[in-house]
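Report on the following structure.
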Amino acid sequence: MIALDTNALVRLLIVDDGAQCQAVRDLADRQRVLLLRTVLLETEWLLRGRFKLERSHILAFFAGLADTENVVIEDEAAVRRALDAYGKGLDFADAMHWASAGDTPLHSFDDKFVKRASKLGGQVKLIRAR
């Protein structure tokens, strides 16, 4: 099994260097690939920020990866839960935090995040400063 860094994962979608894209495909075709949560988090940030991809395209890319036979995702259940929340409008980083917390109460000053995440379930609490 191998793990891919963000720059390698991004090459699979953004084919801005054909040789690099092919090198990643060749690696992925020969062995199982581990996708780390931190790599997914950084990948979303790059695809959204630098490459200006829309949420629907990013979600489709991640969903396709999650359904690929030789791909193993770190804490897959939490990542799939985060992808579902992302598809429902939650920011990807917030969705990953929310999903990774599981049943542990997650506290935040971000009122918008708390309201959206509360609708999805789980324990998300607003911190109130005195």
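Here the structure is a predicted model, which means the values were calculated and not measured.
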For the side chain of D5 and the backbone of V39, is there at least one donor-acceptor N/O pair under 3.5 Å apart? no
Identified side chain to side chain contact (heavy atoms under 4.5 Å, CB included) partner of F61 from the options I58, L65, L59: L65
Give the C-alpha distance, both sets of side-chain angles, the deciding distance and a yes or no for side chain to side chain contact (heavy atoms under 4.5 Å, CB included) between H97 and D94. CA-CA 5 Å; H97 304 323; D94 287 342; 4.1 Å; yes
L34 and M1: which non-hydrogen atoms are nearest, and at how many Å? CB-SD, 3.6 Å
Taking the side chain as everything from C-beta on, heavy atoms only, tell me whether F51 gets closer than 4.5 Å to L13. no
Is there a side-chain contact between V79 and M96, using heavy atoms and a 4.5 Å cut-off? yes
Between V15 and V33, is there a shared hydrophobic cluster once you connect ILVMFWY residues whose side-chain heavy atoms come closer than 4.5 Å? no
Output for pair (L53 CG, E44 CD), nearest 0.5 Å, gives 10.0 Å
Rounded to the nearest 0.5 Å, how far apart are CG of L9 and CG of L40? 6.5 Å
Is it the case that the side chain of N70 and the backbone of A28 share a donor-acceptor pair, with hydrogens and angles ignored and the cut-off at 3.5 Å? yes
At their closest point, which heavy atom of R37 faces which heavy atom of S100, and how far apart are they? NH1-OG, 3.2 Å
Scan D16, L12, D17 and name whichever one has a side chain to side chain contact (heavy atoms under 4.5 Å, CB included) with I14. D16
Can you tell me if Q123 uses its side chain to pair, donor with acceptor, with the backbone of D103 under 3.5 Å? yes
Between R11 and V24, is there a donor-acceptor pair closer than 3.5 Å when you use the side chain of the first and the backbone of the second? no
Testing the basics here: between A95 and Y86, what is the closest heavy-atom pair and its distance to 0.1 Å? CB-N, 4.1 Å
Within a reach of under 6.0 Å around CD of Q31, are more than 12 heavy atoms found that belong to other residues, nucleotides or ligands? yes
Rounded to the nearest 0.5 Å, what's the gap from CG on D110 to NZ on K115? Could you check? 10.5 Å
Side chain to side chain, T43 and L35, heavy atoms closer than 4.5 Å: no
H57 atom NE2, over 12 foreign heavy atoms within 6.0 Å: no
Side chains of L46 and N7: does their closest heavy-atom pair fall under 4.5 Å? no
Which heavy atom in L83 sits nearest to a heavy atom in A63, and how many Å separate them? CD1-N, 4.5 Å
Atom of A117, atom of L90 and distance for their closest heavy-atom approach: N-CD1, 4.0 Å
Please determine if R25 and D29 form a salt bridge, counting it only when a charged side-chain N lies under 4.0 Å from a carboxylate O. no
Atom NZ in K52, atom CZ in R50: separation rounded to 0.5 Å? 10.5 Å
For A82 against A99, the heavy-atom pair lying closest together: N-CB, 3.6 Å
Compute the centroid of each ring, for F92 and then for F62, and state whether the two points are separated by less than 6.0 Å. yes
In Å, rounded to the nearest 0.5 Å, how long is the span from CD1 of I2 to CZ of R32? 12.0 Å
Rounded to the nearest 0.5 Å, how far does CG of D91 lie from CH2 of W45? 13.0 Å
Treating R80 as the side-chain partner and A66 as the backbone partner, does any N or O pair qualify as donor plus acceptor under 3.5 Å? yes
